Amino acid sequence: MQFSVAALTAADFDEWVVLRGQLWPHHPIEEHRSDAQELLGRGERAAVFVARASGALIGFAEATLRVDYVNGTSTSPVTFLEGLYVSPRCRRNGVARSLCKAVERWGSRAGCTEFASDALVENEEGHAVHEALGFREIERVVYFLKPIDLDAT
Ligand SMILES: CC(C)(COP(=O)(O)OP(=O)(O)OC[C@H]1O[C@@H](n2cnc3c(N)ncnc32)[C@H](O)[C@@H]1OP(=O)(O)O)[C@@H](O)C(=O)NCCC(=O)NCCS
């Protein structure tokens, strides 16, 4: 399969939002649109790369420069893979590999020497892809949350 990878342009915006909706289907499309705008609003601290085949957008990678602590890293900022998606019919053709390479080049130009990512514990496919792309697992964590309620004991 022939495809090309490039930095997102304004013309890609609507198709990117649709693909975001496929990756994270539990969020309404309006929320994807505003989150996408917010990401672009970060300027040099975020990047989106898209893959095209036969004129259609078939995948994307979103990345940021994270300055808060990222598990396992020893430098700051680090390049962080925030989202990676390839349309089902186009998988296993090296599209995700090319998108991640583009992110890695961007992060390197921004001065980063580490590229980090995360995946849900149950996403074993995602883990396998990360390892195939050269990432190694650092640790598994459980997040906790409680509302601040000073009257509760
Ligand atoms: C994960 C995903 C982006 C991979 O996209 P892709 O274009 O098919 O990946 P590539 O073809 O570039 O493959 C990259 C490497 O991962 C491996 N790989 C891809 N899919 C895999 C799978 N389902 N299981 C195991 N390994 C897999 C490939 O073999 C390749 O390694 P290799 O070159 O050593 O053979 C795609 O399956 C997807 O969008 N999945 C749903 C969303 C998701 O899980 N995103 C990642 C969240 S962590």
Side-chain angles (χ1 to χ4, degrees), residues 1-9 11-40 42 45-110 112-145:
M1 189 191 74
Q2 292 224 321
F3 64 91
S4 59
V5 166
L8 180 98
T9 67
D12 301 320
F13 188 83
D14 288 342
E15 282 180 283
W16 169 41
V17 168
V18 170
L19 290 192
R20 286 184 120 248
Q22 291 170 14
L23 175 58
W24 296 300
H26 304 301
H27 299 267
I29 206 76
E30 295 72 28
E31 195 176 315
H32 284 303
R33 191 169 282 280
S34 60
D35 287 352
Q37 292 284 12
E38 190 275 329
L39 193 68
L40 295 183
R42 297 194 204 181
R45 290 174 296 116
V48 182
F49 293 92
V50 292
R52 273 194 184 279
S54 305
L57 216 71
I58 56 156
F60 70 85
E62 298 179 7
T64 60
L65 300 181
R66 285 204 186 180
V67 290
D68 50 335
Y69 175 66
V70 174
N71 301 50
T73 62
S74 55
T75 58
S76 182
V78 295
T79 301
F80 199 92
L81 187 63
E82 306 286 354
L84 177 65
Y85 180 76
V86 175
S87 299
R89 68 190 161 79
C90 299
R91 290 179 188 167
R92 306 302 283 252
N93 285 294
V95 177
R97 184 177 286 284
S98 295
L99 287 164
C100 286
K101 183 50 79 182
V103 170
E104 208 167 329
R105 275 195 217 102
W106 169 78
S108 174
R109 281 198 304 272
C112 296
T113 54
E114 291 180 296
F115 185 12
S117 180
D118 59 10
L120 293 174
V121 170
E122 63 269 22
N123 185 359
E124 292 183 2
E125 263 184 42
H127 303 176
V129 172
H130 276 87
E131 289 188 8
L133 293 177
F135 291 91
R136 79 189 154 84
E137 182 176 325
I138 296 298
E139 63 181 314
R140 295 182 181 221
V141 297
V142 179
Y143 286 94
F144 295 96
L145 179 69

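Computed from a predicted structure; not experimentally measured. Both counts, for ligands and for their atoms, begin at 1 and track the order of listing.
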Can you sort out which atoms of ligand 1 are near [X], meaning under 4.0 Å from one of its heavy atoms?
| X | answer |
| --- | --- |
| Y85 | 39 (O) |
| N123 | 44 (O), 47 (C), 48 (S) |
| E125 | 23 (N) |
| R97 | 12 (O), 31 (O), 32 (P), 33 (O), 34 (O) |
| A119 | 48 (S) |
| G94 | 10 (P), 11 (O), 12 (O) |

Check your understanding: Nearest 0.5 Å, what's the CD-CZ distance between E15 and F60?
Key ->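 Interatomic distance, E15 CD to F60 CZ, rounded to 0.5 Å: 12.5 Å.
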[atom] - nearest protein heavy atom and its distance:
| atom | result |
| --- | --- |
| atom 29 (O) of ligand 1 | R92 NH2, 3.7 Å |
| atom 16 (O) of ligand 1 | A132 CB, 3.5 Å |
| atom 43 (C) of ligand 1 | L84 O, 3.9 Å |
| atom 42 (C) of ligand 1 | L23 CD1, 3.5 Å |
| atom 25 (C) of ligand 1 | A128 CB, 3.5 Å |
| atom 6 (P) of ligand 1 | A96 CB, 3.6 Å |
| atom 14 (C) of ligand 1 | L133 CD2, 3.9 Å |
| atom 36 (C) of ligand 1 | R91 NE, 3.5 Å |

Review point. Which option out of V129, I58, D118, N93 puts a heavy atom nearest to atom 1 (C) of ligand 1?
Key: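 Residue with the shortest heavy-atom distance to the ligand atom: V129.
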Do the non-hydrogen side-chain atoms of [X] and [Y] ever get within less than 4.5 Å of each other?
| X | Y | value |
| --- | --- | --- |
| V103 | R105 | no |
| W16 | L40 | yes |
| E62 | Y85 | no |

Practice item. Start with the C-alpha distance between R20 and D35, add both sets of side-chain angles, then the distance that settles side chain to side chain contact (heavy atoms under 4.5 Å, CB included), and finish with yes or no. Key: CA-CA 10 Å; R20 286 184 120 248; D35 287 352; 3.6 Å; yes
Work out which heavy atom in [X] is nearest to a heavy atom in [Y]; give both atom names and the distance.
| X | Y | result |
| --- | --- | --- |
| A36 | V17 | CB-CG2, 4.2 Å |
| W106 | A63 | CZ3-CB, 3.8 Å |
| P25 | Q22 | CD-O, 3.6 Å |
| V86 | V95 | CG2-CG1, 3.8 Å |
| A53 | F3 | CB-CB, 4.2 Å |
| V70 | A116 | CG1-CB, 3.7 Å |

Review point. Under 3.5 Å between some N or O of ligand 1 and some N or O of V86?
Key: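 Yes: some nitrogen or oxygen of V86 is under 3.5 Å from one in ligand 1.
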Check your understanding: Heavy atom of H130 under 4.0 Å from ligand 1?
Key ->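 Checking ligand 1 against H130, which is what was asked, there is a heavy-atom contact under 4.0 Å.
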Exercise for review: Evaluate the side chain to side chain contact (heavy atoms under 4.5 Å, CB included) criterion for residues H130 and L81: first the C-alpha distance (whole Å), next the side-chain angles of each, then the deciding distance (0.1 Å), finally the verdict.
Suggested key: CA-CA 11 Å; H130 276 87; L81 187 63; 4.3 Å; yes
Exercise for review: Answer yes if a protein heavy atom lies under 4.0 Å from atom 12 (O) of ligand 1, otherwise answer no.
Suggested key: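 Yes.
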Review point. Within a distance of under 4.0 Å, is there any protein heavy atom near atom 32 (P) of ligand 1?
Key: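 When distances to the protein are checked, atom 32 (P) of ligand 1 has a heavy atom within 4.0 Å.
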